Protein chains: 2
Amino acid sequence: MTESPSTKERLIAVATQLLDEGGPEAVTLRSVAHAIGLSHNAPYKHFKDKRALLAAVAHMSFQEMGAAFKKIAQKETTPSRALRQIVAQYLDFAERSPHRYRLLFNDPEIGQGRGELETEALATFEAVVRLIKAGQKEGELKRGDASQFTALLYGSLHGLADLRLSGRTRSAKGMDNIGVLPLILLDLLKK
Amino acid sequence: MTESPSTKERLIAVATQLLDEGGPEAVTLRSVAHAIGLSHNAPYKHFKDKRALLAAVAHMSFQEMGAAFKKIAQKETTPSRALRQIVAQYLDFAERSPHRYRLLFNDPEIGQGRGELETEALATFEAVVRLIKAGQKEGELKRGDASQFTALLYGSLHGLADLRLSGRTRSAKGMDNIGVLPLILLDLLKK
DNA sequence: ACCTGAACACCGTTCAAGT
DNA sequence: ACCTGAACACCGTTCAAGT
């Protein structure tokens, strides 16, 4: 069934694991190589540099997340329900894999990369745009620019998830229970 | 008038400057010390470690930002106008001082710090809560939990600013012209 | 009290060399 | 093609020593 993984795939897998378990400072090329029994600079035979390895980690995670969202969009019965599910899934991923989340949505070096990552992210974005347009057509949601509504929802989700991860939501009253806030936004978008 | 700055103050000032000009990787204790003609480990006589120096940089910037917001809240004639001004000022700061913005709102090491930073941030948050409550009282804004509305606005602002800084807003259609999106949110909050 | 200089452990990266 | 080992430049941090 599953092929035995190549060295390159093993490097990506162990980098992901080290990131999830110990945060970015735990991911050194040395620790990644040693974890699979290679010398400290073996990764350079498979990736141009550290940034390229991390980009590969991000790419895999992005694909998984995009696939999960599209699955929700297909399964759920109404656009509103699908949107609420996606919101929950997004915040759940950020909470469960905080370090990976920051790599995906926060790391400037990863974000600059043109190419595959951007294409994948755009496809996911467009899937949400379609959901909102469907909701508008069915009369569930307010009229308005669906792309802008999506961008506002995306910004809110990222901002709230990110503020929580970086410890900026502890004291303020409205910021405990981050999860309800995007739902309030979705309510505001209802007709 | 102005006292001649202490070594500690000079370290904070030059760290801020190096951060703004060259990003986080340009701020090494060595470069900071050398910039004011001291040996590479002189900063340790004034700050416990690098994190403490950066926290001091963040503290000063936070105070300035909070003061600017409160000034807007006092000057503007209506709550709505004040909120729009604050939104513009916030996004403007993020665009003009991207590296400092990330230190203030994104660095996990800074965010964890209990104490002054958190108090200052909370005070600014509460100033916005009061603005929203005033808007509700005057009938400009929808009823609802003002703290939650503030949290949603804050999350949106941070998320949009942060996505822009990390290069995640380039391709998607609704995400160019980030500035209008929080205004859409404010519109949704209108009665 | 404040600063200097040497030293340590740890990085990412490069390079010559081995199979 | 893939891997190893030595080496380099650069960090944050510690420590003994100077004034």
Side-chain angles (χ1 to χ4, degrees), chain A residues 3-59 99-100 102-103 106-113 166, chain B residues 3-59 99-100 102-103 106-113 166:
Chain A
E3 300 230 2
S4 78
S6 68
T7 301
K8 187 169 185 172
E9 290 166 335
R10 295 178 72 203
L11 286 169
I12 296 174
V14 77
T16 304
Q17 193 186 344
L18 288 174
L19 177 63
D20 284 348
E21 291 173 359
E25 68 271 23
V27 187
T28 67
L29 287 179
R30 283 164 152 86
S31 65
V32 170
H34 291 163
I36 57 176
L38 297 180
S39 76
H40 70 278
N41 62 13
Y44 282 96
K45 310 305 165 181
H46 304 274
F47 298 96
K48 191 202 164 204
D49 51 21
K50 186 178 182 179
R51 193 179 146 285
L53 171 57
L54 291 177
V57 171
H59 181 57
H99 303 299
R100 194 122 54 96
R102 304 210 101 188
L103 176 69
N106 225 312
D107 190 310
E109 311 224 315
I110 299 300
Q112 307 305 342
S166 60
Chain B
E3 300 229 2
S4 79
S6 68
T7 301
K8 188 169 185 172
E9 289 167 336
R10 294 178 72 202
L11 286 168
I12 297 175
V14 77
T16 303
Q17 192 187 345
L18 288 173
L19 177 63
D20 283 348
E21 290 172 1
E25 69 270 25
V27 186
T28 68
L29 287 180
R30 283 165 151 86
S31 65
V32 170
H34 290 164
I36 58 175
L38 296 180
S39 78
H40 70 278
N41 63 11
Y44 282 96
K45 310 304 165 182
H46 303 276
F47 298 96
K48 192 201 163 204
D49 51 22
K50 185 178 181 178
R51 193 178 146 284
L53 171 57
L54 291 177
V57 171
H59 181 58
H99 304 298
R100 195 122 55 95
R102 304 210 101 187
L103 176 69
N106 225 313
D107 189 308
E109 310 224 314
I110 298 300
Q112 307 304 343
S166 60

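Quick note: numbers below take in every heavy atom, side chains included, and nothing from hydrogens, waters or symmetry partners. The structure presented is a predicted model; accordingly, all values stated were derived computationally and were not measured. Lettering of chains follows the sequences in order, A, B, ..., and the numbering in each one begins at 1.
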Asks: Take the protein atom NE2 of A/H46 and the nucleotide atom P of C/dG12, then report the distance between them rounded to whole Å.
Replies: 17 Å
Asks: So, do A/H59 and A/I12 sit near enough that their side-chain heavy atoms are less than 4.5 Å apart?
Replies: no
Asks: Where do B/K50 and B/V27 come nearest, in terms of heavy atoms and distance?
Replies: NZ-O, 2.9 Å
Asks: If you take all heavy atoms of B/D20 and B/H99, which pair is closest and at what distance?
Replies: O-CD2, 3.7 Å
Asks: Check the pair B/L38 / B/T7 against side-chain contact (heavy atoms from CB on, under 4.5 Å), numbers first and verdict last.
Replies: CA-CA 10 Å; B/L38 296 180; B/T7 301; 3.8 Å; yes
Asks: B/R102 and A/N106: side-chain contact (heavy atoms from CB on, under 4.5 Å), yes or no, with the steps?
Replies: CA-CA 10 Å; B/R102 304 210 101 187; A/N106 225 312; 2.6 Å; yes
Asks: Could you tell me whether B/S39 contacts a base, only the sugar-phosphate backbone, or nothing, with contacts defined as non-hydrogen atoms closer than 4.0 Å?
Replies: base
Asks: Can you measure B/F47 atom CZ to C/dC2 atom C1' for me and round it to whole angstrom units?
Replies: 14 Å
Asks: In whole angstrom, give the distance that lies between atom CG of A/D49 and atom P of C/dT14.
Replies: 8 Å
Asks: Over how many whole Å does the gap from A/K8 atom NZ to D/dA1 atom P extend?
Replies: 15 Å
Asks: Note every stem involving DNA chain D: at least three consecutive Watson-Crick or G-U wobble pairs, i with j then i+1 with j-1, with both distances under 3.5 Å.
Replies: C:4-8 with D:12-16, C:12-16 with D:4-8
Asks: Holding to side-chain hydrogen bond (donor to acceptor under 3.5 Å, both in side chains), I want the full list of residues that pass it with A/R10, two or more places apart in sequence or in another chain.
Replies: none
Asks: With a 4.5 Å cut-off on side-chain heavy atoms, are B/S6 and B/E9 touching?
Replies: yes
Asks: Would you say a side-chain N or O of B/T7 is under 4.0 Å from OP1 or OP2 of C/dA1?
Replies: no
Asks: Taking donor-acceptor contacts at under 3.5 Å, does the side chain of A/H40 reach the base of D/dA6?
Replies: yes
Asks: Counting only side-chain heavy atoms from C-beta out, which of C/dT13, D/dC3, D/dT13 sits nearest to A/R30?
Replies: C/dT13
Asks: Within the structure, does a side-chain N or O atom of A/K50 lie under 4.0 Å from either OP1 or OP2 of C/dG12?
Replies: yes
Asks: Rounded to whole Å, please give me the gap between CD in B/E109 and C1' in D/dG12.
Replies: 12 Å
Asks: Using whole Å, report how far CD of B/E25 lies from P of C/dT13.
Replies: 13 Å
Asks: Can you tell me the distance, in whole Å, between the CG atom of B/L38 and the P atom of C/dA1?
Replies: 18 Å
Asks: Tell me: CZ of A/R10 to C1' of D/dC3, nearest whole Å?
Replies: 14 Å
Asks: Taking for each residue the nucleotide of DNA chain C bearing the nearest heavy atom, is the 5' side occupied by A/V27 or by A/K45?
Replies: A/V27
Asks: A/L29 has a side chain; which of C/dG12, D/dC11, D/dT13 sits nearest to it?
Replies: C/dG12
